[in-house]
Every structure is written in C-alpha cells, then in structure tokens.
Amino acid sequence: MRRISIFGATGSVGANCVDLIQREMGSGAFQVVALTGGRNIARLAQMARDLQAQIAVTAHDDLLGQLRDALAGSGVEAAAGPAALIEAAQRPADWVLSAIVGAAGLAPGLASLRRGNILALANKESLVCAGPLLRNAAAGQSATILPVDSEHSAVFQALGGENIDSVKSVTITASGGAFRDWPLERLAAATVAEASTHPNWAMGQRITIDSASMFNKALEVIEAKELFGLRPDQIKVIVHPESIIHAMVSHIDGGTIAHMGAPDMRHAIGYALNWPNRGVLPVADLDLAALGRLTFREPDETRWPALRLAREVMQAGGMAGAVFNAAKEQALDDFIAGRMAFTDMAPRVESTLSALSAQSGFSADPHDLDTVLQWDRAARQEAAI
Ligand SMILES: NC(=O)C1=CN([C@@H]2O[C@H](COP(=O)(O)OP(=O)(O)OC[C@H]3O[C@@H](n4cnc5c(N)ncnc54)[C@H](OP(=O)(O)O)[C@@H]3O)[C@@H](O)[C@H]2O)C=CC1
Ligand SMILES: CC(=O)[C@@H](O)[C@H](O)COP(=O)(O)O
Ligand SMILES: [Mn+2]
C-alpha cells in the first residue's frame, strides 16, 4: 500500500492522476493523504470524498469556509493557504505528485523532498527556477525526483538506468503548438482562444499557450539539463507534429533509443506511479500502420525565439532560470488578460533578463528558497506592463 498526495489535483495532470487512482480504488494499492487545489473547490471536495483523502487543501485562505462546507460530513480535513500547503507536503507519504502550475509549485515540492518522499514532478517550473535547490534537497534525504513531463519521462525510460556518460545527446520533440503552420505575419494578432488549442494534447490553458509560443519547450530544455545533468549542447529540440515520439536518447556508439506512445499523460503519470515496476494503464496502443508516417522538422527560431532564450539562460546560469520563468509567467498573464500581443511575450522576457542581469548579474545563491523567490518577484515586477 502506497501513501500518496497530489498537489494540483484539480488541474489537468492532477485529474489524470486521480483517474488512475480511482481505477484502483478497492484494491488497497493506495491510501490518499493530501489533495490540493486552487479555486475549484467543488472539484477538490468531490475528489477528496471519492478518494477518501485525509486532508484537502486550497491554496487560497479566503476559500476555507467554502471548502469546509463542501466537505461537511465526509471526515476529510479542510485547510487553506500557502502554509497549509507546506504542512500537507510534510505529512508522511511515499509518493507525491507535484502538479501545481507555475513557480507556486516550488515551495510545496521542496518541502516534500525534504520529507524524503518520492516526488513525481510535472511542475517543470520549479526545476527551471531552482534546479540545484531541489537536487540538493533530494540528495540530502535520499529522496527521488521522477520526471512526469512526457518528454522527460521518455528520456528517463529510454535511458533505462544507463550511465549518462554514454549519452551523446538527448532530443526532445515539440508538436509546434497551435501556430506551427501559421504565416509569421498572422502571429501578432493571435487570440487567447486560438493559442489555447493544442493540436495533440489535452492540457491546462497556460501550458497550452506555452506550447504555441514554444516557451514550454524552452522550459523543458532547461528541465532536461537539471534532471539529467546534461550539458546544454547535448540537448536538442525537433518539431514532430504527430507527438508520437516523445524523446530520443543518442549514445556514443551511434545508437538512438526513441520512446513512443499515444499523446496521453496517463502514461507518464502512471509510469511514475508504478515505478520501479510497470502496470497496465488505460492508454491506447500505438497503431503505426494506421499512422502511416512520422514527420520531423528543425525548429524555426524566428517563429519561436523562446528556444534561443533558453540557451542564453543556461549559459548565464545562477538565477537566470528563475528570472526567465517569472518573466514568462508575467507575460503570459498579460497575454491572457488581453494586455499584450502574443508576439510581445518573448521580447518582454528577453528585456527582463537583460534588465535584471545588468543590475546585478545572475550570480546569487540558487540553493536558498527565499533568494529564488525574491528574484522571482523582482522579475515579475520588471516584466509587468
Ligand atoms: N497538462 C499537462 O498535460 C502537462 C502539464 N505539465 C506541467 O504540470 C503542471 C500542471 O499543469 P496543468 O495540469 O496543465 O495545469 P492546470 O492549470 O490544469 O492545473 C493547475 C493546478 O494548480 C492549481 N493552482 C493554480 N494556481 C495555484 C497556486 N497559485 N497555488 C497552488 N495551486 C495552484 C490549480 O487549482 P485550481 O484549478 O483549483 O484553481 C490546479 O489544481 C505545470 O507545471 C505544467 O507545466 C507537464 C506536462 C504535461
Ligand atoms: C504532454 C507534455 O509533456 C507537454 O509538455 C507537451 O509536450 C506539450 O506539447 P508541445 O510539444 O506542443 O510543447
Ligand atoms: Mn512536455
């Protein structure tokens, strides 16, 4: 029996995980400790009831009353606010899913690693902001970070525990997102609704827009560096519109191992949930003959400047990742609110990186949570319109 907690249970990744757990209810395989959410109180309470969680936590203090009412008579504890999220992360558990969106996922994920749990990490932003902090926390407690992001789960599986020294390069695939085939001159007028439609994956709105701008892939390149200890020049991106191959690991002996599967996050989540074993998952089998062919193309960095920015961020090191992510989150907020054009997001992130680098370089200590959060705040302020 595995004790599990899900941070960001009400989101797209969280709900996929809840779906997998629900299918096992009654088998005694899992005991649910904590489920957390944000504003979707009805969904959080229903999940907590269905999974008989010990505690349900909303990130928002002002929603505690609503959550308590929704859980009345269920026996599930209710709590609210950032401190309650940390307290939930510190509860004894064997496996914790980090699926809050954005840098807000960093502190609970860190608290969970410091408790020595297995952290199944969908929240790529925390590695981009504070990779060394998380890696140190994991090493100090003999805790494990398991990738849940589909490309990184694919790399992990393709590596199969082999020595990273035998790896020549790692290629992660990019669908190209909503605007892959749009004429460049149309992009400035792209609407939020248009950017919020993904060709292959069903995901939350923020990551879907990040796929269209390729900021998602930019974050993932940095995530790959932090997770696998790769040099920046070893990490490649290729546009693969079908999203069937998720990543490829190329070895020094000329062999390349590709990981393939239907674009369904329940594979990567379920792989982490069953690790180090494998279990049957509700994921469609591949039918390659029906697919007919798989296609690939080089990413065009005029269309997707975020990829160049990711390389510059890795080169700069230190707090550049935290600034990059925070500026991107702010620009995304402004795009979603209608204050910024789609094509202004990357220039805004670039100018924020330049401004903060000019002030003090990026050389602060990335091993300290408060310092990371200070840089995050400064970057949001600088990036805001
Ligand atoms: N969706 C996908 O398939 C994939 C997602 N990822 C990564 O996984 C993470 C989650 O993505 P996704 O599921 O799409 O996101 P969603 O927007 O669907 O869900 C986000 C979750 O985080 C909660 N939340 C939002 N803001 C806060 C906050 N400030 N504090 C605490 N909780 C908060 C939401 O609560 P509520 O909705 O109740 O307000 C919800 O539970 C992201 O880091 C993303 O990059 C990685 C690979 C694939
Ligand atoms: C499912 C997943 O892992 C997403 O991060 C996905 O990769 C997004 O698709 P893009 O390749 O369009 O960014
Ligand atoms: Mn991904």
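All values derive from a computational prediction rather than experimental measurement. As the structure lists them, so they are numbered: ligands from 1, and atoms in each ligand from 1. Residues: numbered from 1 along the sequence shown.
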Exercise. Please report the shortest heavy-atom distance between Ala80 and Asp61, naming the atom on each side.
Key: O-OD1, 3.6 Å
Self-check item: Aromatic plane relationship, His246 with His259 - under 30° parallel, 30 to 60° tilted, over 60° perpendicular
Solution: tilted
Quiz item: If you measure only the distance, is there a donor-acceptor pair under 3.5 Å linking the side chains of Thr352 and Glu382?
Solution: no
Self-check item: Full working for side-chain hydrogen bond (donor to acceptor under 3.5 Å, both in side chains) between Glu226 and His152
Solution: CA-CA 11 Å; Glu226 298 296 341; His152 304 74; over 6 Å; no
Quiz item: So which of Leu35, Val33, Ile21 actually passes side chain to side chain contact (heavy atoms under 4.5 Å, CB included) with Ile4?
Solution: Ile21
Self-check item: Chi angles and distances behind the side chain to side chain contact (heavy atoms under 4.5 Å, CB included) call for Val155, Glu151
Solution: CA-CA 6 Å; Val155 171; Glu151 299 77 1; 5.5 Å; no
Quiz item: Taking atom types as modelled, is there a side-chain donor on Ser166 or Asn163 under 3.5 Å from an acceptor on the other?
Solution: no
Quiz prompt | side chain to side chain contact (heavy atoms under 4.5 Å, CB included) evaluation trace for Leu71 with Ser74 | solution = CA-CA 5 Å; Leu71 288 170; Ser74 67; 3.7 Å; yes
Table of N or O contacts for ligand 2, cutoff 3.5 Å:
unit_1, atom_1, unit_2, atom_2, d
ligand 2, 3 (O), Asp149, OD1, 2.8
ligand 2, 3 (O), Ser150, N, 3.2
ligand 2, 3 (O), Ser150, OG, 2.6
ligand 2, 3 (O), Glu151, OE1, 3.2
ligand 2, 5 (O), Lys124, NZ, 3.3
ligand 2, 5 (O), Asp149, OD1, 3.4
ligand 2, 5 (O), Asn216, ND2, 3.0
ligand 2, 5 (O), Glu220, OE2, 2.8
ligand 2, 7 (O), Glu151, OE2, 2.2
ligand 2, 7 (O), Lys217, NZ, 3.4
ligand 2, 9 (O), His198, NE2, 3.2
ligand 2, 11 (O), Ser175, N, 2.9
ligand 2, 11 (O), Lys217, NZ, 3.0
ligand 2, 12 (O), Ser175, OG, 2.5
ligand 2, 12 (O), His198, NE2, 2.7
ligand 2, 12 (O), Ser211, OG, 3.3
ligand 2, 13 (O), Ser211, OG, 3.1
ligand 2, 13 (O), Asn216, ND2, 2.8
ligand 2, 13 (O), Lys217, NZ, 3.4

Exercise. Using 2.8 Å as the cut-off, note every protein N, O or S atom close to the Mn ion (ligand 3).
Key: Asp149 OD1, Glu151 OE1, Glu220 OE2
Quiz prompt | Matching residue for Arg266 among Val13, Asn16, Leu281 - test: side chain to side chain contact (heavy atoms under 4.5 Å, CB included) | solution = Asn16
Between ligand 1 and the protein, which N/O pairs are shorter than 3.5 Å?
unit_1, atom_1, unit_2, atom_2, d
ligand 1, 1 (N), Ser12, OG, 3.4
ligand 1, 13 (O), Ser12, N, 3.1
ligand 1, 13 (O), Val13, N, 2.9
ligand 1, 14 (O), Gly204, N, 3.0
ligand 1, 18 (O), Ser12, N, 2.9
ligand 1, 22 (O), Val101, N, 3.4
ligand 1, 35 (O), Thr10, OG1, 3.2
ligand 1, 35 (O), Gly38, N, 2.9
ligand 1, 38 (O), Thr10, OG1, 2.7
ligand 1, 38 (O), Gly38, N, 2.9
ligand 1, 38 (O), Arg39, N, 3.2
ligand 1, 38 (O), Asn40, N, 3.0
ligand 1, 39 (O), Arg39, N, 2.8
ligand 1, 41 (O), Gly8, O, 3.3
ligand 1, 41 (O), Thr10, N, 3.4
ligand 1, 41 (O), Thr10, OG1, 2.7
ligand 1, 41 (O), Gly11, N, 3.1
ligand 1, 43 (O), Glu125, OE1, 2.6
ligand 1, 43 (O), Glu125, OE2, 3.3

Exercise. Could you tell me which residues satisfy ring-ring contact (aromatic ring centres under 6.0 Å, His included) with Phe342, sequence neighbours excluded, listed by chain and number?
Key: Phe179, Phe335
Practice problem: Ignoring hydrogens and angles, state whether a donor on the side chain of Asn200 or Ser243 is under 3.5 Å from an acceptor on the partner side chain. | Solution: yes
Quiz item: Measuring from Ile172:CD1 to Ile245:CD1, what's the distance to the nearest 0.5 Å?
Solution: 14.0 Å
Exercise. Using the side-chain hydrogen bond (donor to acceptor under 3.5 Å, both in side chains) rule, take Thr191 and Glu194 through it: C-alpha gap first, then chi angles, then the decisive distance, then the call.
Key: CA-CA 5 Å; Thr191 66; Glu194 287 165 336; 3.2 Å; yes
